[in-house]
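Any value given below was found using the heavy atoms of this structure, including those in side chains, with hydrogens, waters and symmetry copies removed. Note that ligands are numbered from 1 as they come in the structure, with each ligand's atoms numbered from 1 the same way.
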Amino acid sequence: MPKPKILISRRIPEEALARLKPHFQIEHYNKPTAIPRKLLLSRIKDKDGLLCILTEKVNEELLAAAPRLKAVATYSVGFDHVDVPACTRRGVIVTNTPGVLTETTADFAWTLLMAAARRVVEGDRFMRAGKYVGWDPMMMLGTDVHGKTLGIVGFGRIGQAVARRAQGFGMKVLYYDAQRIFPEVERQFGAAFRELGDLLRESDFVSLHCVLDQSTHHLIDERAFALMKRSAYLINAARGPIVDERALVKALKSGRIRGAGLDVYEAEPKMAAGLAKLPNVVLAPHLASASLETRLKMGLMAAQGLIDALIERKRPEHAVNPDVLEKAAA
Ligand code: DGY
């Protein structure tokens, strides 16, 4: 039996590639930039599996171009770039990489929060520009983090890991989620539920950790900024379109909020006009899961998804739409 054919749409760690090699005929777009859409659509034609990243839209167009496709493994926990119902309709199993990046992403949300509050990036630029002429009691004053109120929007795995870290800073933790968690879990995290409006009003730092879907698109818009404290900071290491980026630029420019830390952008990799000119925002290029250890684990998990689905023919542990297999078996 010939080996199944897969397409890997981006460079990935060697170990993950090595895991796939014995099982598949591999076509690898081994580049640091996105595969051109046209090329993706032509190369997917004869493939049984796709290992992709979050810049590739797996939609009706791609599925129509891939009549043999049976499995898509996305190298990410988020799968808002994948039309899962369309995949399910066509019998394509989708897998993602949950769990392994939770702590790393929570670390990074905190990195943004601390960097924004304590003006680390501005300070670094200042030093490199040779502007530091000696200690000054009034120079680059930031905002204390300890003892403040942290509002977490989206209290899944990552939101909870962010909350755990807040305990070490003696913070009051509030959370908002479409679903309220059990009181004993709230107690475990020292977190209290608030409706979104109340959370925005009360928090010194608002950190976003919800998924992107229709209900969270532009969840943080002009009206939301109007509810926040003028001294508040917004942290987004979730998905760009959760925030109306133009409204954010306005809020940062006008002093409606004090600062922000961003890892994701509404039209990634582009930024809203004016954002990059603002001194009170820390900007990162979607790095939250970018540690050597975690990116390797994500790669191995994505590889395993394809092996389970196409070689072992069993339900992958991290299938997003396991009902595909149940339907096939019925
Ligand atoms: C994800 O996995 O969804 C992140 O955005 C990239 O790690």
Practice prompt. For T216 and V211, work out which heavy atoms get closest and say how close.
Written response: OG1-O, 2.7 Å

Item to complete: Starting at SG of C87, measure out to CZ of F79 and round the result to the nearest 0.5 Å.
Response: 11.0 Å

Contact atoms of ligand 1, heavy-atom distance to [X] under 4.0 Å:
X    : result
L101 : 2 (O), 7 (O)
R239 : 1 (C), 3 (O), 4 (C), 5 (O)
G78  : 1 (C), 2 (O), 3 (O)
S76  : 1 (C), 2 (O), 3 (O)
M298 : 2 (O), 7 (O)

Worksheet item: Under a 4.0 Å N-O cut-off, is there an ion pair linking E266 with R246?
Response: no

Identify the closest protein heavy atom to [atom]: which residue and atom is it, and at what distance?
atom                   : answer
atom 2 (O) of ligand 1 : V77 N, 2.7 Å
atom 7 (O) of ligand 1 : S289 OG, 2.6 Å
atom 4 (C) of ligand 1 : H286 NE2, 3.7 Å

Worksheet entry | Near-ring test F189/Y175, centroid separation under 6.0 angstrom | no

In residues 292-300, what donor-acceptor pairs under 3.5 Å come from side-chain atoms, sequence neighbours left out?
residue	atom	partner	partner atom	Å
T294	OG1	T104	OG1	2.6
T294	OG1	S291	OG	3.2
R295	NE	S289	O	3.4
R295	NE	S289	OG	2.9
R295	NH2	S289	OG	2.9

Worksheet item: With backbone taken as N, CA, C and O and side chain as the heavy atoms from C-beta onward, which portion of L54 lies under 4.0 Å from ligand 1: side chain, backbone, both, or neither?
Response: side chain

Worksheet item: Would L62 end up clustered with V324 when hydrophobic side chains under 4.5 Å apart are linked, directly or stepwise?
Response: no

Item to complete: Indicate whether the side chain of H209 and that of Q160 have a donor and an acceptor atom separated by less than 3.5 Å.
Response: no

